[in-house]
2 protein chains.
Amino acid sequence: MTETKKSKRQDILDAAIVLFAERGYNGTTVPMIADAAKVGAGTIYRYFDHKESLVNVLFQEKLNALFEQLLKDYPTESSIREQFHHIFESIHHFAMEDTHALHFIDSHCNEIFLTKESQELFDSFIEYISNVVRVGQERGEIIVLQTEALIGVVYGAIVQILKMVRAGTIDGSSPLMDNLEDCCWNAIKAN
Amino acid sequence: MTETKKSKRQDILDAAIVLFAERGYNGTTVPMIADAAKVGAGTIYRYFDHKESLVNVLFQEKLNALFEQLLKDYPTESSIREQFHHIFESIHHFAMEDTHALHFIDSHCNEIFLTKESQELFDSFIEYISNVVRVGQERGEIIVLQTEALIGVVYGAIVQILKMVRAGTIDGSSPLMDNLEDCCWNAIKAN
DNA sequence: TGATTAGGAATGAATATTCATTCCGATATA
DNA sequence: TATATCGGAATGAATATTCATTCCTAATCA
């Protein structure tokens, strides 16, 4: 059945992301993934050439999903503040839907086993947000400081918040998260 | 000579932190460390019981150094804004003096091979900063939101900024860093 | 002083273990 | 039945750890 085929592949990916997020790529063995996916070790190699291709496929799939979430209903014509709201909400929504994905992406985005393609995809994601910041600076809505540095502040803050939500340290629901969005915006808004 | 003894141990630690910061604990082999330290593989086991004790010693030593930097000349009596300045500056200074340490700490602080002691040391560091935030909230200098969440925003932002300084994406010198400190403060200051 | 020796430090080849990958018999599908 | 898929034991490479040996230093002796 082609359904089994699809589902096995997905089982492998689903099991792998949990392990990669929790133990890191190098701390995760192929048999561990096989066990968690309830699949023979050999089956993994029916769907992926190497462990490295598995992690790269996973990285790109998750990043594409995040990107998709970001682009969905993107308010191109709105104020930068509203665009910022959309970005924050998209990432938040993504992290809530897929508990491990954001942490997986963030903790693997600089690893040496990522292919050029994976790296470029990540760069293009950051670049997309950078452009928003740049426009915000031109329009006087965002302070004029090196764009990369502002991205760092906001990206670092958002990712850390969502890691803490994942860890159960803080609650990821509305009132608090709305306030935290304001905090992040306050960090970069023009005076 | 006892100096050799001390120096070998230090050579090993110095080599290890660079590799751990760049490749992660599991991506770093003991022979890699030995080569980088210009030491025989066996020598590492004269100074450390296992690879795991090596990483724990390193983690605790670096965290203690960071803590020491934080406590040095801590302005207990000053306003929370000034205390915040001291904290930001301490971490910044620490990251500039020891290029790999902060990244090493941050990228390993949740790993499963850390001993209870290592984890508790990290927790006590976060707890120290939490207390400052709490006092700031009581005094009306910092917005009243779940303390952990605010720590997340500020910690995430600072660490990400300093990772980017390390990567060469942004410049870690005064004018920009002072502005970024303001950004971080603006995220949590009371309106 | 110069030679001898003991004791600890250092080494890296050898060992034991772990891991990614392969292979083949068993199972399911058409 | 023929074909595709699967599982998991088998394989060999990579890795952490050990250990027999060498090297160095400093104390002792002639």
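To find a chain, count down the sequence lines: A is the first, B the second, and so on, and within it residues start at 1.
For the pair A/Ile12 CD1 and D/dG8 P, the interatomic distance rounds to 13 Å; values are reported in whole Å. Regarding B/Arg23, its CZ atom lies at a distance of 14 Å from the P atom of D/dA14, rounded to whole Å. One atom, CZ of B/Arg9, and another, P of C/dA10, lie 13 Å apart when rounded to the nearest Å. Nucleotide C/dC19 holds its P atom 16 Å from the CG atom of A/Leu54, rounded to whole Å. In this structure, B/Phe113 places its CZ atom 16 Å from P of D/dT15, rounding to the nearest Å. What separates CD1 of B/Ile33 from C1' of D/dA16 is a distance of 11 Å, to the nearest Å. Between A/Phe48 atom CZ and D/dC6 atom P the separation is 12 Å, expressed in whole Å. Remark: C1' of D/dA14 and NZ of A/Lys51 are 12 Å apart, rounded to the nearest angstrom.
Rounding to the nearest 0.5 Å places CD1 of B/Ile126 at 7.5 Å from SG of B/Cys109. Rounding to the nearest 0.5 Å places CE of A/Met96 at 9.5 Å from NE2 of A/His93. In this structure, the separation between CD on B/Glu97 and CG on B/Leu102 is 13.0 Å, given to the nearest 0.5 Å.
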Pick out the pairs of N or O atoms, protein on one side and nucleotides 21-23 of chain D on the other, that lie under 3.5 Å.
none

Under 3.5 Å, which protein N or O atoms sit close to an N or O of nucleotides 11-13 of chain C? Give each pair with its distance.
from	atom 1	to	atom 2	distance (Å)
C/dT11	OP2	B/Gly40	N	3.0
C/dT11	OP2	B/Thr43	OG1	2.6
C/dG12	N7	B/Gly42	N	3.3

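Note on ring orientation: taking the six-membered ring where Trp is involved, the planes of A/His86 and A/Tyr74 are perpendicular (angle over 60°, cut-offs 30° and 60°). Using the six-membered ring where Trp is involved, B/Phe104 and B/Phe20 have ring planes that are parallel, under 30° apart on the 30 and 60° scheme.
Connection of B/Val135 to B/Val144 is not established within any shared hydrophobic cluster, with ILVMFWY side chains joined at heavy-atom distances below 4.5 Å, either directly or through further cluster members.
With sequence neighbours left out, the side-chain contact (heavy atoms from CB on, under 4.5 Å) criterion links B/Glu138 to no other residue.
A salt bridge is defined here as a Lys NZ or Arg NE, NH1 or NH2 lying under 4.0 Å from an Asp or Glu carboxylate O, and A/Asp98 with A/Arg166 fails to meet this definition.
When each of D/dT17, D/dT5, C/dA20 is scored by its nearest atom to the side-chain atoms of A/Tyr47, the top-ranked nucleotide is D/dT5.
In summary, of the residues considered (B/Phe67, B/Phe94, B/Tyr155), a ring-ring contact (aromatic ring centres under 6.0 Å, His included) with B/Phe125 occurs for B/Phe67 alone.
Proximity of B/Tyr45 to the phosphate of D/dT18: no side-chain N or O atom is located under 4.0 Å from OP1 or OP2.
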